[in-house]
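So that the names make sense, note that chain A is the first sequence line, chain B the second, and so on, each numbered from 1.
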2 protein chains.
Amino acid sequence: MVSSAEAGVAFPSAPRAETTTQQIKNYILLNRLHPGDMLPTETEICVALGVSRSSVREAMRRLAALDIVEVRHGHGTFVGQLSLAPLVEGLVFRGILSPGDDLAALREVVDVRVALDTAMAESLASSLVGTSNPDLDTLVEEMEQKSAHGQPFLEADREFHSALASRLGNRLIQQLVTAFWEVHTAVYPQLGLAPARELDETARAHRSILRAAEAGDVIGLREAITAHYAPLRRALDGAKGAGDGSGRH
Amino acid sequence: MVSSAEAGVAFPSAPRAETTTQQIKNYILLNRLHPGDMLPTETEICVALGVSRSSVREAMRRLAALDIVEVRHGHGTFVGQLSLAPLVEGLVFRGILSPGDDLAALREVVDVRVALDTAMAESLASSLVGTSNPDLDTLVEEMEQKSAHGQPFLEADREFHSALASRLGNRLIQQLVTAFWEVHTAVYPQLGLAPARELDETARAHRSILRAAEAGDVIGLREAITAHYAPLRRALDGAKGAGDGSGRH
DNA sequence: AAATATTTGTACGTATGTATA
DNA sequence: CTATACATACGTACAAATATT
């Protein structure tokens with residue numbers, strides 16, 4: 001057995017890589033490092049913690065997966081951005097894996113999007129009332145133009161929702177809105193449904209959302225949000241009995 | 001179904017451990033494995049993918065961090081539960097790390113809790129109207145009793161919010177509610193604030209929430225939710241200028 | 001522009017702890 | 001209790017990417 005006097009490893013039942021993970025997190029907290037700050041090299045951490053490099057590397061992988069650290073090959077290790085990317089990856093995987101009828105997971109994601117948008121409505125209306133927002137206007141115009149030519153406008157859509165959420169001054173909610181947007185758009189095309197054809201309807205819904213918010217019309221804003229997700233809801237409900245098509249795939 | 005260049009020759013610029021991660025995910029998807037299903041052993045994966053043990057292990061660590069796989073020492077590797085634990089860990093870390101005034105991150109978390117609860121209000125009221133819910137009643141009584149004796153009721157609080165969210169039939173929202181509850185309760189005591197003293201007020205708020213929901217009173221439910229978070233909001237606002245003096249960069 | 005030092009990425013061998021039959 | 005299968009951990013060597021001189 002390992003000499004228990006070594007490096008304060010009290011509980012041999014706790015895996016090395018796990019305790020190493022916690023120690024690295026503690027290092028970041030104790031030294032009050034910010035995202036982007038550099039961490040010691042792997043070899044330095046090895047000698048500091050008295051563990052092998054494999055354990056440090058596995059701990060780093062774990063932390064990198066959570067965006068707590070960011071590793072750059074040949075350069076070094078840094079404090080991560082603490083984004084919601086891990087949430088997105090997990091939910092996308094769940095959405096694609098989702099057994100039986102694949103649509104249940106996606107429908108849940110859409111419901112969360114609706115819930116977040118609806119929850120935003122009130123403070124959004126009071127934030128935007130009486131203002132003009134050229135950036136959002138430009139995005140809506142881009143959507144309308146592209147929809148008129150039958151072209152998709154994924155990036156503008158993303159920008160619109162993100163910019164709208166940014167008005168709340170709560171970065172976490174903005175990140176959540178963006179995260180679920182990403183999950184949604186990543187999962188949807190995997191399910192083999194027909195791509196949304198009601199582009200103009202969606203574009204108009206964005207226009208309505210912006211107009212209602214700028215008018216401070218909470219009721220109208222809620223209705224516009226509902227209308228915004230209507231085409232998607234129809235697509236999901238319409239494909240309800242389509243099964244999983246196990247013969248294909 | 002999977003992005004094209006994965007099964008075959010990988011890009012030389014893509015790190016081994018990263019492509020290995022994707023390949024393991026693909027294996028789960030292609031074989032339609034469910035949470036709890038067993039995966040091949042590490043050595044089998046090594047020979048199947050033609051990579052070394054280290055790469056497989058680092059890939060497994062990454063996937064385990066996201067709860068996509070679960071490794072049991074001496075037993076094997078299994079498909080994970082795809083929970084929101086990664087989100088919780090990341091947000092807790094961010095909440096504790098949060099620079100400058102530590103309360104900003106926690107306040108954002110609380111705002112998200114309010115947003116989720118508020119978004120739930122409408123469908124919750126229509127789900128619970130006219131029903132009686134002995135499980136929720138029991139939990140509220142437990143809170144009232146404990147608060148009368150000055151005792152905290154953390155577990156009952158957790159159960160209440162989780163059980164309430166379960167009524168929506170959307171497991172993702174329920175998981176989100178629980179996840180942000182966990183972040184909240186994990187971060188709060190780390191900030192050195194006085195523990196919440198208004199226990200009776202919080203207990204009463206839960207009673208009001210349940211009563212309003214069972215009465216189908218959406219307005220009253222929203223008010224009860226606001227009241228529920230009022231003590232916490234006061235604590236956060238009261239400690240506004242209590243920075244730690246470390247300064248921002 | 002090119003060599004070089006630093007740092008992470010990958011591979012392999014070996015020994016050990018852990019769970020199951 | 002023994003045996004087997006598996007994950008965990010360590011150490012070393014080398015490859016690849018990056019920055020600096």
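- Heavy atoms of H73(B) sit under 4.0 angstrom from at least one base atom.
- A donor-acceptor contact under 3.5 Å is not formed by the side chain of S55(A) with the base of dA9(D).
- Rounded to whole Å, atom C1' of dT7(C) lies 13 Å from atom CG of L39(A).
- The aromatic rings of H206(A) and H161(A) stand perpendicular to each other, their planes meeting at an angle above 60°, with 30° marking the opposite boundary.
- Sequence order on DNA chain D of the closest nucleotides to A17(A) and H75(B) puts H75(B) first from the 5' end.
- A donor N or O paired with an acceptor N or O is found under 3.5 Å between the base of dG9(C) and the side-chain atoms of R53(A).
- Rounded to an integer number of Å, the gap from E42(B) CD to dG13(C) C1' is 16 Å.
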Original post:
Taking it one step at a time, do K25(B) and E89(A) satisfy salt bridge (Lys or Arg N to Asp or Glu O under 4.0 Å)?
Top reply: CA-CA 11 Å; K25(B) 283 168 64 174; E89(A) 182 168 353; 3.1 Å; yes

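- When each of dC10(D), dT10(C), dA9(D) is scored by its nearest atom to the side-chain atoms of R61(A), the top-ranked nucleotide is dT10(C).
- Residue S54(A) is in base contact, counting any heavy-atom pair closer than 4.0 Å across all strands shown.
- Look at CZ on R57(A): it is 15 Å from P on dC10(D), rounded to the nearest Å.
- Atom-to-atom, CZ of F78(A) to P of dT18(D) comes out at 12 Å; the value is rounded to the nearest Å.
- To the nearest angstrom, C1' of dC6(D) lies 12 Å from CE of M60(B).
- Nucleotide dA1(C): unpaired (no Watson-Crick or G-U wobble partner with both distances less than 3.5 Å).
- Here dC6(D) presents its C1' atom at 12 Å from CD1 of I45(B), a figure rounded to the nearest Å.
- When heavy atoms are screened at a 4.0 angstrom cut-off, R72(A) is found touching the sugar-phosphate backbone but no base atom.
- The aromatic rings of H184(A) and Y188(A) sit perpendicular, their planes meeting at an angle over 60°, well past the 30° parallel limit.
- The side chain of T41(A) lies closest to dT8(C), out of dT8(C), dA11(C), dA9(D).
- Whole-Å rounding puts the E44(A) CD to dT6(C) P distance at 12 Å.
- One atom, CD of E58(A), and another, C1' of dT8(C), lie 15 Å apart when rounded to the nearest Å.
- Here the side chain of N170(A) pairs a donor or acceptor atom with the backbone of L172(A) at under 3.5 angstrom.
- Between E18(A) and R62(A), at least one side-chain N (NZ, or NE/NH1/NH2) sits under 4.0 Å from a carboxylate O, which counts as a salt bridge.
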